[in-house]
Q: 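I'd like to ask some things about the structure below.
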Amino acid sequence: NPADRMKQKELRLALVCYGGVSLAVYMHGVSKEILKLVRASRVYHGEPDPRRRETASFAELDTSICHECDTEEIYFELLRAMGKTLDLIVFVDTVAGASAGGINGVLLARALAHDLPLDAHRKMWLEQADILALMDEEHLAGKWSKPFMRPLFWALNNRWLSQFAPDAEMRQKLLIFTRSRWFNPPFSGDILTNMLLDACAAMEKDARPGASLLPLGQKLELIVSVTDFYGYSQNIPLHDPPSITEREHRHVFKFSYRQHPSGRTETHFDDGHVPGLVFAARATSAFPGAFPPAEIGEIDRVLAARGENWFARDDFIERNFKPLIGAGADPLKTSFIDGSVLNNKPFGEAIASIRGRPAYREVDRRIVYIDPDPEGGHLEGGGMPPGFFHTIRGALSDIPRNQPVRDELEAAHQLSERIRRYRQIVAATRPHVAMRIRDLLGEMPQIAPGPRTIARWRDEANTRAAVEAGYAYDGYIQLKVRSVLDGLAELIAEASGLVLQPDERLALNRAIEDWARANEIFPVRWTGNGSEAAPSLAATSWVRFLRDFDLSYRVRRMRFVIRRLNELYGEYGDKTDHTSALDEFKTSLYECLELLSGRPAQRIGTPEIVALCKEVVASGAPTAADIGKLVDCIGPKLDLVGADHVIDQTFAVISGIYLSYEARFELLQAFVGFAFFDVLTLPLNKWNDLDDVDTVQVDRISPEDAKAIRQGGARATLMGRDLGHFAAFFSRRARENDYLWGRLHAADRLVDIVASAGPAAIAASGIDLDNLKARLFRSILRAEKQHLGAVPDLIRDIEREIATRFNIDMDPGEMPKAASAPSAAPAKGDTSTDEEIAAEPRTSTS
C-alpha cells in the first residue's frame, strides 16, 4: 500500500570506536557487520517499486556482485518485514575513532562513502596483524640473540606464563619478542603504512563509479583523534598577566563525503585522498613504545618507494593543520602518537559532528560506541597497593585509556533533554502563534500567495512579534544582535584564511563591539511599548544590520519549517496524495537551506574581500573604522535580502504546485510565524540551534551486551584482551577468535538497535527476533569457517551453543569440518617452537 510508505524514519548511526591495541581485530568484525546492515538498507530502499521490494530477494536487487554476501539477506528480510508499517532507512553519517578504533573507522568510512568492500581486509587482520609480520627484519631475534633469555623464559613458561599466554604460538612469539632488539619500537611504521595502503587499494578492485551507501544529500564525516607529541603554543588571554602561553597536544583529522542533490560530489575518500587517510590511521595507532611516532615524511618516503603519488597532499595539510600552522609550527616536522593517549573515546567530536544535518523524514538518532573491553583488561585486580612500575604504567597509559565516559554520556543525555523540552515548548505555543498568524493572513486563499505577499506577511509578522512581546522583546533582540555580531567575527576570520590565536580573536571581537556601539547597533535601543513603535523599526540601524547579516535567523527559520513538514508526514499519513508532494517540497526547502548555508563561502571568497579581511585581522589591533570598511564591503556581496526574495519565490511557486491547501497553510504558518516562535525559543536555546538536532540516544556494542550466544562478556569470549591487549598480535588463533566474535556480537546488537527504532513495526510484522538472530549467527559461521582454520573447535562450540540457546536442531550440514591449520607467518627471526622452549636444559639463571 503506497500509504504505508509515508511512515518513514531514518535510523542514523554515529559511531564512536575506542582504542584497544590488538582488539582492533575484534572491531574489524564489528565494522564489517555494520557495513552489511547499511548495505542491506541501501539495496532495499534503492528499489523504487514497492511491489518488487516486497517480493524480490537481496541478491536479485543487489548490483554490487563483487561483495561477499551472507547476513545482508537476513537484514534485508528484517527491514522488509518492518516495511509493512514502517519504512526504516539505516545509515551511518559519522565515524569518530581513536587508535585501533581509528584504523577501523578510516576503512569503514571509506567503504560507506563509495560502497566498497571490506572483504579483503580479513586477510590483512588475520595474517599481517602479527608481530613477525609487523617487525622489521633487523629488529627480530636471531638464533643466538640474547641466549640468556631462554632459560629465564623456560622458567616462566613452566610456572605462570601459560596463565597469561595459553596458546603455544603466543608463547613461542613472546620468546622471539623478548629476545629481539630492545629500546627501539619493535613494530615498523613503514610496514604498517604499506599494509594500510594495500588494504585501501584492495577495496578498489571492483569499485563502481558514483556508488555510495549514503542517501543523496547526506554528509558522512570521519574524525580521527591523534596526539601531537610536541604540541604547539597558544596564547590565552587573562586579566593579570594579560595572556599566558600553553601547549596544545590534542589534534584531530577530519574527512568528509557528500553527494549534493545536484549530483556534484565532494569526497575525501577517493584515490587521491588515500594517503591522507592512511596517514591518519597510521598516526592514531602509533602506540607509544610499540610503533615509532608518525610523520608526514614517513608516508612521503613509502609512497616514493612504491612509485605512487599523493595528489591531495597540499589539500590534506591545509585542511587538517590550520591551528598548528597558525601557531607558527611546521606540520612536516611534527610527530604524532596514538590518539588514545589524550582522547581514547571521541564522543565530543561525534556529538559536534551530528549538528545541523538535514532530515528528510523523522529521525531516530543514535550514538553507537564500540567498546571491546569495558572492564579494562589490564587494570583488573585491586586490594593490593600497586608497585613502582605498575603505578607508572597505570598513570601514563592504562588509566587515561580507561577513563570513563560519564561526562560525555551525561552531556549527550542533557542535550537530548534540552531538545525534548524545546520541542514541548514549541508544540505548546503553536496554537497561540496560529491565532496570531490567522489574524495576519486573514482568510487563506485557495490559490497559493505570490512572493510579494509572502514577503509582506513576513515583515508584518516581525513587527507584530516585536510589539506584542513587549518588554520581553528587549532581551530577545539584545541576544539576537549580539549573536549576529559574533557571527560577523567568525565570517571575517574565516574569510581571512588565518588561524587566530585567542588573544587575536579577542581583539577582533572588541573592534566589532566598538563599531557596533558607534553605529548604535549594540546595545539595541529598544523603546517599543505599543503599536506606535512599529513604523519606526525599519529605519533603525540595528534592523538594517540584521537584514544584511542575520544569516543564522534565516537558517533557523528554514530548519523550523522543515521540522514542521516532517511532522506532517505523521499527521497526513493516511492520505496517499501527500507523500510525494511533501517529498518534492522538502527537496526545494533543502535547496533553499543550501543556498543560505553556502552563501558566505560562495559570495565573499573574492580576492578583494579576502585580502581586506586578511589585512585587518593580521594587524593584530583592528579598529572600528576597519570593521566599518569590511561591513560596507561584505554586506552587499552577501546579499541576504536577495536570498530572501529567492526563497519567497520558491516557497510561493513550489507550494502552489505540490501542496494541498491544508499542508500549505500549516507550512505558511511556520514560515511566516517563525518570528513569534523565535522570540520565545532563542533565549531558551542559549544561542544553540536545537531545532536542527534530533534527540540523541546512546547504544553500545560490546561483549558485555551481546549475550544471545554466550554470557560472561569479554572474559568469556575474547583472547586479545590478554597481555595488556596485545595478545592477538602474538597468536593467529586469538585473532580468528576475536574477529569471529566481533561479527557475532555486532549482529546480536544491531538487531536490538534496529528493533528499538520501530517496536510497533516489529510487533505488527510478527517477526521472531530470536529466530532471526540464530539465522544471522549461523550465516556468519557458514561464511567464515572456510577462512578460520585455527578455530574449528570454537566454531563447533558456538554452533552447539546456538542450538541450545535457541532450542533448534543442529544441522549436520552446518557443522564445520576440521580445517587445515593456517599457513605459518612469514619466516622471520628465530622460530623456536613451544616444544623446543620446553626442552631447553635447566640452566641456572642466577
Side-chain angles (χ1 to χ4, degrees), residues 23 25-30 32-33 36-37 68-75 77-78 122 125-126 162-163 165-170 372-375 377 701-722 727-728 731-752 755 767-822:
L23 290 175
V25 183
Y26 174 87
M27 283 185 277
H28 168 58
V30 174
K32 186 172 183 178
E33 204 61 25
K36 288 176 176 290
L37 169 62
E68 294 179 9
C69 294
D70 39 72
T71 53
E72 290 95 333
E73 183 73 58
I74 303 171
Y75 291 127
E77 293 178 16
L78 172 61
R122 181 199 295 110
W125 286 114
L126 297 185
S162 58
Q163 301 175 33
D167 127 358
E169 180 191 359
M170 198 178 296
D373 189 15
E375 292 185 355
I701 296 177
S702 85
E704 309 304 317
D705 312 305
K707 303 175 181 178
I709 300 176
R710 182 181 296 180
Q711 302 283 330
R715 290 172 180 263
T717 54
L718 302 188
M719 298 176 66
R721 68 193 300 270
D722 296 329
S731 167
R732 168 73 182 240
R733 176 179 173 79
R735 293 193 293 277
E736 291 188 7
N737 175 91
D738 290 2
Y739 164 67
L740 181 60
W741 278 115
R743 287 202 63 186
L744 294 169
H745 287 163
D748 186 356
R749 295 295 291 132
L750 289 174
V751 171
D752 294 339
I767 192 168
D768 183 343
L769 292 183
D770 281 347
N771 178 266
L772 184 121
K773 284 185 178 183
R775 292 176 57 209
L776 282 170
F777 300 150
R778 284 184 157 179
S779 176
I780 292 170
L781 294 179
R782 284 195 299 270
E784 297 294 352
K785 65 182 179 182
Q786 59 184 309
H787 304 288
L788 306 182
V791 290
D793 53 337
L794 172 66
I795 295 176
R796 286 193 292 270
D797 289 343
I798 293 175
E799 176 62 38
R800 292 190 190 95
E801 291 176 64
I802 292 171
T804 302
R805 164 66 179 81
F806 296 98
N807 194 25
I808 55 179
D809 294 333
M810 293 184 65
D811 184 353
E814 291 181 339
M815 287 294 295
K817 298 177 181 178
S820 58

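Just so we're clear, the structure is a prediction, and the values are computed from it rather than from any experiment. Computed from heavy atoms alone, side chains included, the values below leave out hydrogens, waters and symmetry copies.
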Q: Which heavy atom of Ala747 sits nearest to which heavy atom of Phe777, and what is that distance?
A: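 Looking at all heavy atoms of both residues, the shortest contact is CB-CE2, 4.2 Å.
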
Q: Are side-chain heavy atoms of Met27 and Pro372 found at a separation under 4.5 Å?
A: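 Yes, their side chains come closer than 4.5 Å.
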
Q: Salt bridge check, Glu736 against Lys785: does any charged N sit closer than 4.0 Å to a carboxylate O?
A: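 Salt bridge absent between Lys785 and Glu736.
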
Q: Is it true that a side-chain atom of Arg805 and a backbone atom of Ile709 form a donor plus acceptor pair closer than 3.5 Å?
A: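 Side chain of Arg805 to backbone of Ile709: no pair is present.
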
Q: Distance check, rounded to the nearest 0.5 Å: Leu769 atom CG versus Leu78 atom CG?
A: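 Answer for the CG-CG pair, Leu769 versus Leu78, is 7.0 Å.
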
Q: So which atom in His745 and which in Ala706 form the shortest heavy-atom distance, rounded to 0.1 Å?
A: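 Between these two residues, the closest heavy atoms are CD2-CB, 3.5 Å.
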
Q: Any salt bridge linking Lys773 with Asp752? Criterion: basic side-chain nitrogen under 4.0 Å from a carboxylate oxygen.
A: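 So Lys773 pairs with Asp752 through a salt bridge.
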
Q: Look at the side chain of Asp738 and the backbone N and O of Met719, then say whether any donor-acceptor pair between them is shorter than 3.5 Å.
A: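 Judged by distance alone, yes, a pair lies under 3.5 Å.
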
Q: Taking the side chain as every heavy atom from C-beta outward, state whether Leu750 and Ile701 have any atom pair closer than 4.5 Å.
A: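 Yes - at least one pair of side-chain heavy atoms lies under 4.5 Å apart.
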
Q: Under a 3.5 Å distance rule, please check whether Asn737 uses its side chain to pair with a backbone N or O of Thr717 as donor and acceptor.
A: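 Yes, the answer is positive, given that a donor and an acceptor are paired below the 3.5 Å cut-off.
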
Q: Does any part of the side chain of Trp741, heavy atoms only, come nearer than 4.5 Å to the side chain of Arg710, both counted from C-beta?
A: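 Yes, at least one pair of side-chain atoms sits under 4.5 Å.
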
Q: Which value, rounded to the nearest 0.5 Å, describes the distance between Glu77 atom CD and Ile767 atom CD1?
A: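 If we round to the nearest 0.5 Å, Glu77:CD and Ile767:CD1 are 7.5 Å apart.
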
Q: When you compare the side chain of Glu73 with that of Lys36, does any pair of heavy atoms fall below 4.5 Å?
A: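 They are not in contact (no side-chain heavy atoms under 4.5 Å apart), so the answer is no.
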
Q: Please examine the side chains of Leu740 and Leu781, heavy atoms only from C-beta on, and report whether any two atoms are closer than 4.5 Å.
A: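 Counting from C-beta outward, Leu781 and Leu740 do come under 4.5 Å.
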
Q: For residues Asp373 and Tyr26, determine if any side-chain heavy atom of one lies less than 4.5 Å from a side-chain heavy atom of the other.
A: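 They are not in contact (no side-chain heavy atoms under 4.5 Å apart), so the answer is no.
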
Q: Run the salt-bridge test on Arg800 and Asp797 with the 4.0 Å N-O cut-off and return the result as yes or no.
A: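 Looking at Arg800 and Asp797, the cut-off is met.
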
Q: Return yes if some donor-acceptor pair links the side-chain N/O of Glu33 with the main-chain N/O of Gly742 below 3.5 Å, else return no.
A: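 Absent.
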
Q: Under the 3.5 angstrom rule, does the side chain of Arg735 hit a backbone N or O of Leu126 as a donor-acceptor pair?
A: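 Yes, the answer is positive, given that a donor and an acceptor are paired below the 3.5 Å cut-off.
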
Q: Pro374 and Ser702: which non-hydrogen atoms are nearest, and at how many Å?
A: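 Smallest heavy-atom distance, with atoms named: CG-OG, 3.7 Å.
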
Q: Return the CD1 to CG distance between Ile808 and Asp770, rounded to the nearest 0.5 Å.
A: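 Between atom CD1 of Ile808 and atom CG of Asp770 there are 10.0 Å.
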
Q: Working to the nearest 0.5 angstrom, can you tell me the gap between Leu744 CG and Ile798 CD1?
A: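 Rounded to the nearest 0.5 Å, the CG-CD1 separation comes to 5.0 Å.
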
Q: CG of Leu37 to CG of Leu776: how many Å apart, nearest 0.5 Å?
A: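 Leu37 CG to Leu776 CG: 9.5 Å, rounded to 0.5 Å.
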
Q: Do Arg782 and Arg778 have side-chain heavy atoms sitting under 4.5 Å apart?
A: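 The answer is yes; the side chains approach within 4.5 Å.
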
Q: Counting C-beta onward and ignoring hydrogens, is there a side-chain heavy-atom pair between Arg796 and Asp793 closer than 4.5 Å?
A: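 Contact flag for Arg796/Asp793 side chains = yes.
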
Q: Say you draw a straight line from CG of Leu718 to OH of Tyr739; how long is it, rounded to the nearest 0.5 Å?
A: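 Between atom CG of Leu718 and atom OH of Tyr739 there are 15.0 Å.
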
Q: If you take all heavy atoms of Ala734 and Ser731, which pair is closest and at what distance?
A: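 The answer is N-OG, 3.0 Å.
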
Q: Can you tell me if Arg732 uses its side chain to pair, donor with acceptor, with the backbone of Ala790 under 3.5 Å?
A: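 No.
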
Q: Asp748 side chain to Lys707 main-chain N or O, any donor-acceptor pair under 3.5 Å?
A: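 Checking the backbone N and O of Lys707 against the side chain of Asp748, a donor-acceptor pair under 3.5 Å is found.
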
Q: Is the side chain of Asp70 donor-acceptor paired with the backbone N or O of Ala783 at a distance under 3.5 Å, no angle test?
A: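 Such a contact is absent between Asp70 side chain and Ala783 backbone.
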
Q: Below 4.0 angstrom, N of the basic side chain to O of the carboxylate: do Arg775 and Asp768 qualify?
A: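 Not counted as a salt bridge, because no side-chain N and carboxylate O are separated by less than 4.0 Å.
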
